[in-house]
Structure formats: structure tokens, C-alpha cells
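Here's the structure we're looking at; comments come further down.
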Amino acid sequence: MKRNENRPRQTAPDSEPILVLGIGNLVLNDEGIGIHIVHTLSQMEMPRGVDVLDGGTGGLALLETLQSYPRIILVDAALDNRPVGTIRRLSPRYSRDYPPLLSAHEIGLKEMIDAMLLLGEAPQIELLAVSVRNCHSLGMHLSPEIRRAIPQILQLVLEIIKDLRHGRYSITLG
Amino acid sequence: MTKRIVVDPITRIEGHLRIEADIEGGVITDAFSSGTMIRGIEIIVKDRDPRDVWAYVGRVCGVCTSIHSLCSVRAVENALGIVVPPNAEQVRNLMQSAVTIQDHVTHFYQLQALDWVDVMSALKADPRKAAEVAQSLSPWPKNSIGYFVEIQERIERFIETSRFSIFSNGYWGHPAYKLPPEVNLVALAHYLEALDVQKEMVKIQTIFGGKNPHPNFLVGGMACAININDPNALNMERLNYVAQIIERTQTFVQQVYLPDVLAILSYYPEWTRIGGGLHNYIAYGDYPMGHYGELSTYKSPRGIVVDRDLSRVVEFDPWAMDGLLEFVNNSWYSYSQGKEVGLHPSVGETHLDYTGATPPYQYLDRDQPYSWIKTPRYKGMPMETGPLARNIVAHACGDETYRAITTRCLDQLGVGYEAMYSTAGRTLARAIEASLLADWQTDFYTALLQNIKNGDYRMFNGVKWEPRTWPETAQGVGLTEAPRGSLAHYVNIKDGKVSNYQMIVPTTWNASPRDTRGQRSAFEASLIGTPVADPQTPLEIIRTIHSFDPCMACAVHLYDERGEHIHRCELI
């Protein structure tokens, strides 16, 4: 299926799948927030047609998954100098629209967005960027600020799902 | 007059790396390689259940994730004396070869090719001539004029709509780009094909490992049940699908990837004489057709070549306490016995001790430790590791399979084996290896199927699963050949928990700082003597560093601020 790059944003009918994708590194404390969120979501009852995936540290291995969903809700940690725990909802289109995400990989999310545009298909992505601090510590613990943000992130994911089903977009927070 | 260049970070690699080079008379006279992120997975897995460690180490990186997991289960199995069933061994071979071929293909097209292929030039190519070039290279079916017209249009549209993209920080128009526009276009078309075909290649990971990235491993075997007739197990339909993937992989690697590498390198003959660097090569060997302990059954042999002497293979002994040592004299770590000693990984330590300047800094202080990477040595010798090292060791071992394909490729380029000791050689060795692995996948698959047909469905050896069956203390080593080279995990187990864990990753060998004797490691050594036409656009440095396929994500981890691209060049 080829989708037009400049297609208008449309609502997702109930039958159309939505993916909630968490990206991050679980062993780098706050960097793993996206993974913690999808782990929590996968234990909750999700609306019909909504899949939840732990994307790990991502990379090209995720390309096919990204291409197979027309709409994706992405949760990732951002290094954007905002207060820790700030949540922003963005609707990035090109790789340049993304905030500095924490990825150890040169083939990161932005490169995959470009790759998909090059191949002619890119999903609509609603991004929840969670600001983290550039901590040098290693471990699997979330900071208090990030832990406090979790209920709101979960709430926002559910709201975005509703928005995608009913056609409301891009409320920028934070 | 000496010019000092800083390239930080080197782009189009995995992770973050800084190179400083001194240039005199247009040639590099000295070089420093600094890993600017730290990794501390060793600290994280301490005190955990050794049966779970594969899941944590697999999170180091999404690129060769399963290789770390494989190395980890091998280390624990080695410590506990577990032999895995033949089916599990072949499933591991299939997964490892799949991820390695995918890594080689994407490294070449997505990360490395743009050092040699000029995107802007490709837009000016005559599609008719490009079709002729493509038809002369191989029987790959996508080679019509219409196909190349469409590719050109697609790239043009992408560049117009998506400013600041993957194509925005190339040195387009640099005089060191030598390919005719038509060859640039063919390569660029295959850049797009590679994006598509790599998705298929890694499905082998998902089929056997349940998911990707970060597929499932299991100490004692593999976590997939084989039953030819059970729809929920690894049944005949799934296995047939694996056979199809193998065939597609072979077609792409042998009709596109290897021919492209040969075609591109034929325009850059000088690069078969640049970038050789070290004269010592190490390979732990891998891809057992028997069980992991049977070295003689390895498809890719183990050994060390010293001083490029192909008549002699030096033995690699992972337990020689004076053999494999890691030094921290130039790294931001401390050892309890001081900075000058080297430690065997079985008694290794990971204490972070950053003593460098506070970023942002202009230059590294070269008299002080300058990297987050430790410096490994074997009996005091620096070693290069990776596909080229595997090729050289296999040659020294007299391996006919490696020799035949390597000779065929070198004949086509009109050069001898000495051309392998170079930036071009490293690039060619990777493509040759992908071709070999694609063929071996058929062997792994056939062995797996034969074993199943003989009625052996075992995938897991659970005799030592329960911790009560373990000794109070145990030590093990896991060795693998990862896409980027030799990988070792050492584990110490005490009272059922990990008491120490050390990983020596391929890029540690290649990217590390100088040792206590001042000997350079592979990156630094390979840059000496490299000509740099324009210090403002040091494409030549990038070509050689990329030829190693550096993966800093697992050599070192986290620390980068915003990934800004700093380019500096000053007279000193």
C-alpha cells in the first residue's frame, strides 16, 4: 500500500490499528521511561485495535513495524533542557521536527523517519517526549520526577488514542 | 607546520566517537581516538541471576543485541558445564548469521557508502547509462531505465521536502569522490533496496527468538519449541519461511552487495594501499557445526596472526592469565592496583574515574587519560578484529572456502592479497563474509532440518537449570564473532549470583587509546599516513574509521550532550 506523503491527517476508524511504541534503554535509568510505559500499558486493557510494543533501543530492526502501522503513538525520553518530567505532545513529520531524543545510535528514530519517507511510506506519529536529565549514572531506576510523571503519561497515551479515533490533534503541552 | 583536526562526533556510526588527527604536508602523522560515552552494563548485572543476564546485556544496543545475549548464555553455560542440544546450536547459528549479514548490508549502504557515493552526482546521472552499468554488474532484475528514472525522482523529491535529513551532512562534491554519476545512481538505488531487504533478513531473529529487537535467549538452549505439525510451535510452515528468507538474502548479497562493493572499489585503487594500520589480527572463531566446544567444527576459525605472517597461526587462549589483559592507563577508569597494571577479564574491574576536562573542551589533553574505552592487549600486542581479521586468520589457517572467494574478488580488482591490508580491504572483507554467511545459512538450516527429521526435537538442556545443582563458585567465558569482531564475556558466579561480569567488545580492541608502552590500537594506527586533501572536510579520516564499522554504543555508553557536530581545524 502506498500512502501519499502529503495526505491530510484523518481519523483512524476503529478497524485501523494503532501502535503504542516505547523506545529507550532500560538500563540507563530515566532513558528507559518509554519502555516502562509500554510495560505498564501491556498489563492494562487497551482499546480494540491498539497494540503495544517495547521497541528497545530501536534501530533499523523496527523499520518494518513502523511501516506496518498508519498511526503510531511514540513515547521516548528527550534531552531538551526542560525541567525533568516535562511531557510534551508533538506531531513531528520530518526528522528535523524531532526534539533531541536520547539514542545511542546513529541509525535512530530520525533516520528511520527519513528512511520511510525515502521509501514513500511514513506513518503519522504522535510523540510524547518526556524530558530527562543527562544523568551519568547507570541503573534501572527512574528518578522521582519521572516516576511522578508516569500517571500523566499513561493518561495522555489514552487521550491520544481517543483523539486519533475522533480526529483531534496536536495539543502542545509543557 | 602541523594542523590538528577534530572530528566529533564521527557521524554515521553507532554511538559517539571523537577523532583528533595531526596533519603535516597533507598527511596524517598522529591520531587519537576517544570514546566519549560510558558503558556500565557490567555494574548493572552484578548480583543478578546469571540466567537473566542475557536480557540485560541485550539491551546495550539495538544493533547486534542478540550477539551480546548469545555471548552471555555461552559464558554462563561454560561456567556451569552445560552443553546445548544440536538444534539450539544451529538455531543460534541461523540467528547470529542473520543479524551479521543484516548488519554488514546496512553498514555498507546506510552508514558507509556515502563516503564513496556522491548523492548529488547521482541526480545528474543518465538513467539509460545507469541501467547499462547495472546490467553489466549482475543479473539482479531491477535494472531498467524506468527504474532508475523513478529512483532519481524519488531522491530529488525527498531532498526537496525533507531538508536537514540523512543526506544533509555529506561532503558532496568533494574531489575525493571519483565514481561516475551512473555508478553513484546504481549505488543509491541499492541504498533504497537495502532498506527494504534488511527487514526480511532479520525476520529469522523474530521467528526463532520470538521478537526483534532484543530476541529471547535461554541458558541451556533456545526458547523455541520445534514441532513440525503444531501450529503454535516452530512448524514446517515457519521453517519453509526461513528457507525463503535465506534464499532472498543470498540473492541480494551475491547479486547486489558484493558486486556493488567490487564496482565501487575499482574506482578507488589508491585505497587498497591506505589505512592498513596494525599488523596483528585476532579472531575467536565461531559458527560451530558441532557443539560450541568443538573448535574444529567452526566455519570461521579461531587464531591470531602476528606481523601479517600468514604461515603461522598463534593460539588464542581465553584463560591464559598473561594473555588477554585490559589496561586503563589512558582510560577514565581506576584499578585497585593502580593505573599501570593490566587485568585479565576474569579478575577485571569497572570503576569509573573521569579525570578529563569538563565538556565542552577544545582538545584532548594528550598526556592524560582520554577515553572511556579500556585498552585490551593479547600478550602485550595490539590486535585488529573484525571481518578483515577473520579473513586473514582463515587464510593463515588454510581455509579453502575463504581463500576461493577472496581470490576471485581480488583477481577481479587486479590486486594481490596484500591489498586486503587497507581501508578497501576491510570493506571488501565484510562483503565477502556476508556472501559466505549467506551460503552457510543453508548449511545451518539443513543441519537443523536433518536433525529434526531424525526425530531429535530437543531444544533445551535443563540438567543444570536449578541453582541448587550449581557449584558454590564458578567461572566462565563466552566467545563469539560479532559483526564487528571478536566479543568476549567473562562471568564469575558465586552463591547463585553474578559476582563479576566483564565484556571485551570488538570496538574496544579497535578504538581504544594507547597502552602503557605507547602502542596505538587499530583506529589510531590505521590513520597514520592517510592523505587529507582538505582539512576542513576530512572525508579520508571518515572513510578509514567507517571501514571498521565502529559501534561505540557497546564499546562505551551514554554521555553525549546533544549530538552536535563539531568540526574544528586549527594550526598549532
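Every chain is numbered from 1 and lettered A, B, ... according to where its sequence line falls, protein lines coming before strand lines.
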| note | Of the listed B/T206, B/L192, B/V202, the one with the largest count of heavy-atom pairs under 4.5 Å with chain A is B/L192

| Between B/K203, B/K211, B/Q205, B/E200, which has the largest tally of heavy atom pairs under 4.5 Å with chain A? | B/K203

| field | Shortest non-hydrogen separation from A/L63 to B/Q198 and the atoms involved | value | CD2-NE2, 3.6 Å

| task | To the nearest 0.5 Å, tell me how far B/D196 CG sits from A/Q67 CD. | result | 6.5 Å

| task | Hey, could you give me the CZ/CG distance between B/R157 and A/L118, rounded to the nearest 0.5 Å? | result | 10.0 Å

| message | Heavy-atom count check: over 12 atoms from other residues, nucleotides or ligands less than 6.0 Å from B/K199 NZ? | response | yes

| query | Just wondering, are more than 12 heavy atoms of other shown residues or ligands nearer than 6.0 Å to NE2 in B/H351? | reply | yes

| message | Test side-chain contact (heavy atoms from CB on, under 4.5 Å) on A/L119 and B/L195; report intermediate values, then the result. | response | CA-CA 8 Å; A/L119 294 172; B/L195 278 172; 3.9 Å; yes

| message | Quick check on A/I35 against chain B: is it the side chain, the backbone, both or neither that has a heavy atom closer than 4.5 Å? | response |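 Side chain only.
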
